[in-house]
Amino acid sequence: MKSNYICVMLMLLLTSVVACSSNKKSVEETEKKKPTVTVNVPSFNADSAYQYIQAQADFGPRVPNTAAHKACGDYLAAQLELFGAKVYNQYADLVAYDNTILKARNIIGAYNPESRRRVLLCAHWDSRPYADYDPDERNHRKPILGVNDGASGVGVLLEVARQLQKQAPAIGIDIIFFDAEDYGTPRFHKGPYKEHTWCLGSQYWGRVPHVANYNARYGILLDMVGGKGGTFYQEQFSKRTAGKEVKKIWDAAHRLGFKEFFPKKEGTEVTDDHVYVYEYAQIPCVDIINYDPDGYTGFGDFWHTQKDNMDIIDKATLNAVGQTVLEVIYNEQ
Ligand code: AHN
Ligand code: ZN
């Protein structure tokens, strides 16, 4: 009886010693493997992002030179201010494809502006004056509401801004809302073809950044990031000029379980704000942009039509993109 008891006690002691030492070993191993600091990444709130999208939509189409555009610009600058950013307004008269002078405004919110380690996040905030891909030709000269195409990226970044105020990441962040992205030459235009009629706001910023000698490690552009069933293929210009960052972002998305939203497959090449951020400011920039491999335009059947309204927005897509962006920027050291 007694020897039995001693035997059990000895075994217990032995297993606990073994458990202890193997525990210790595994901790040492993981510490060796992962010398990086573990970071707390905040939770993205898609309800909040959705509200910021709704607020923009409530102004109506935000076409440059309209009252709705002016009012929405004031709203966006005020929100960034409210979320603790240092806000810059870049006003410029930009010439459109038809020689209209656009009273444009890039809106920039800087976090930790003293840091030289920076990442740039951007989206366009204007909406297109033409629904020139609408199935109904009578709509071609009417503006679009631009909810996915414009407001979605801005809504996600406003929610990122709210999170940045609550908990600062290790690096500095600049959020740029580019103006006059979507005033490019319409399909119905009969005049001479002019290149570079899209992305007028980012072209301006790339040539004249909001602060002298501005630099950032890389940028992330969000374009049409709120659509139901949205998919973000790897856009080709991004892959070519910011391949390392494309990998970083898609790996982060997969780690978080968003592989359906972020297939590791090549999309098309798109002329978007990231092109000018790279070519004029020499900052590699990744375009996270909806790609519809089966559709006619490649962007989705809502694109540049009257269908681009709140009905096509899905919080699951906003969450996948927003949480991925947070994962990436909070892991920068
Ligand atoms: C062109 O259609 C040339 N580029 C697409 C950029 C864009 C327009 N993104 C949203 N609207
Ligand atoms: Zn557009």
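FYI, side chains are in, hydrogens and waters are out, and symmetry mates aren't considered; it's all heavy atoms of this structure. Fair warning: this is a prediction, and the values are worked out from it, not measured in the lab. Numbering of ligands and ligand atoms starts at 1, following listing order.
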Asks: Mind checking whether Arg128 contacts ligand 1 via backbone (N, CA, C, O), side chain (CB onward), both or neither, at a 4.0 Å heavy-atom cut-off?
Replies: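 Contact part for Arg128 vs ligand 1: neither.
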Asks: Leu222 pairs by side-chain contact (heavy atoms from CB on, under 4.5 Å) with which of Val286, Asp273, Leu157, Val160?
Replies: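 The residue from Val286, Asp273, Leu157, Val160 that satisfies side-chain contact (heavy atoms from CB on, under 4.5 Å) with Leu222 turns out to be Leu157.
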Asks: Taking backbone and side chain together, does Asp149 place any N/O/S atom at a distance below 2.8 Å from the Zn ion (ligand 2)?
Replies: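 Checking Asp149: at least one N, O or S atom is under 2.8 Å.
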Asks: Between His69 (side chain) and Asp126 (backbone), is there a donor-acceptor pair under 3.5 Å?
Replies: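 Not confirmed, His69 side chain does not pair with Asp126 backbone.
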Asks: Just by distance, with hydrogens left out, do Asn106 and His210 show a side-chain donor and acceptor under 3.5 Å apart?
Replies: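 Absent: no donor and acceptor within the cut-off.
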Asks: Mark yes or no for whether Arg255, through its side chain, and Glu327, through its backbone, hold a donor-acceptor pair below 3.5 Å.
Replies: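 Such a contact is absent between Arg255 side chain and Glu327 backbone.
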Asks: Between His124 and the Zn ion (ligand 2), is there a contact where an N/O/S atom of the residue lies under 2.8 Å from the metal?
Replies: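 Checking His124: none of its N, O or S atoms is under 2.8 Å.
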Asks: Should the pair Lys264-Asp251 be classified as a salt bridge under the 4.0 Å nitrogen-to-oxygen rule?
Replies: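 Looking at Lys264 and Asp251, the cut-off is met.
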Asks: Where is the nearest protein heavy atom to atom 7 (C) of ligand 1: which residue, which atom, and how far?
Replies: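 Checking every protein heavy atom, the shortest distance to atom 7 (C) of ligand 1 gives Glu181 OE2, 3.0 Å.
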Asks: Give the residue and atom name of whichever protein heavy atom lies nearest to atom 4 (N) of ligand 1, and the separation in Å to one decimal.
Replies: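 Ranked first by proximity to atom 4 (N) of ligand 1 is Thr271 O, 2.9 Å.
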Asks: Is the contact between Val270 and ligand 1 made by the side chain, the backbone, both, or neither, using heavy atoms and a 4.0 Å cut-off?
Replies: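 Looking at Val270 and ligand 1, just side chain atoms fall under 4.0 Å.
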Asks: For Asp58 and Gln54, does a side-chain donor sit closer than 3.5 Å to a side-chain acceptor?
Replies: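 Judged by distance alone, the side chains do pair up.
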Asks: Among Glu235, Glu266, Glu269, which residue meets the salt bridge (Lys or Arg N to Asp or Glu O under 4.0 Å) test with Arg240?
Replies: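 Only match with Arg240 under salt bridge (Lys or Arg N to Asp or Glu O under 4.0 Å): Glu269.
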Asks: Check whether any N, O or S atom of Glu181, backbone or side chain, sits closer than 2.8 Å to the Zn ion (ligand 2).
Replies: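 Checking Glu181: none of its N, O or S atoms is under 2.8 Å.
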Asks: Would Met224 count as a contact residue for ligand 1, given that I'm defining contact as a non-hydrogen atom of the residue lying under 4.0 Å from a ligand atom?
Replies: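 Right, Met224 reaches ligand 1.
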Asks: Name whichever N, O or S atom of Asp182 ends up nearest to the Zn ion (ligand 2).
Replies: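 In Asp182, the N, O or S atom with the shortest distance to the Zn ion (ligand 2) is OD2.
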Asks: Atom 10 (C) of ligand 1: which protein heavy atom is closest, and how many Å away?
Replies: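 Answer, as residue, atom name and distance: Asp149 OD1, 2.9 Å.
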Asks: Looking at Arg128 and Asp132, is any side-chain nitrogen of the basic one under 4.0 Å from a carboxylate oxygen of the acidic one?
Replies: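 Salt bridge flag = yes for Arg128 with Asp132.
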Asks: Taking atom 11 (N) of ligand 1 as the point of reference, which of Asp272, Asp182, Asp126 owns the nearest heavy atom?
Replies: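 Minimum heavy-atom distance to atom 11 (N) of ligand 1 goes to Asp182.
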Asks: Flag Asp223 as yes when one of its N or O atoms lies below 3.5 Å from any N or O atom of ligand 1, and as no otherwise.
Replies: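 Yes; at least one N/O pair falls below 3.5 Å.
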Asks: Indicate yes or no for a side-chain donor-acceptor contact from Thr317 to the backbone of Val225 under 3.5 Å, with no hydrogens or angles considered.
Replies: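 Side chain of Thr317 to backbone of Val225: no pair is present.
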Asks: To make sure I understand the geometry: which N, O or S atom in His304 is closest to the Zn ion (ligand 2)?
Replies: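 Going by distance to the Zn ion (ligand 2), the closest N, O or S atom in His304 is NE2.
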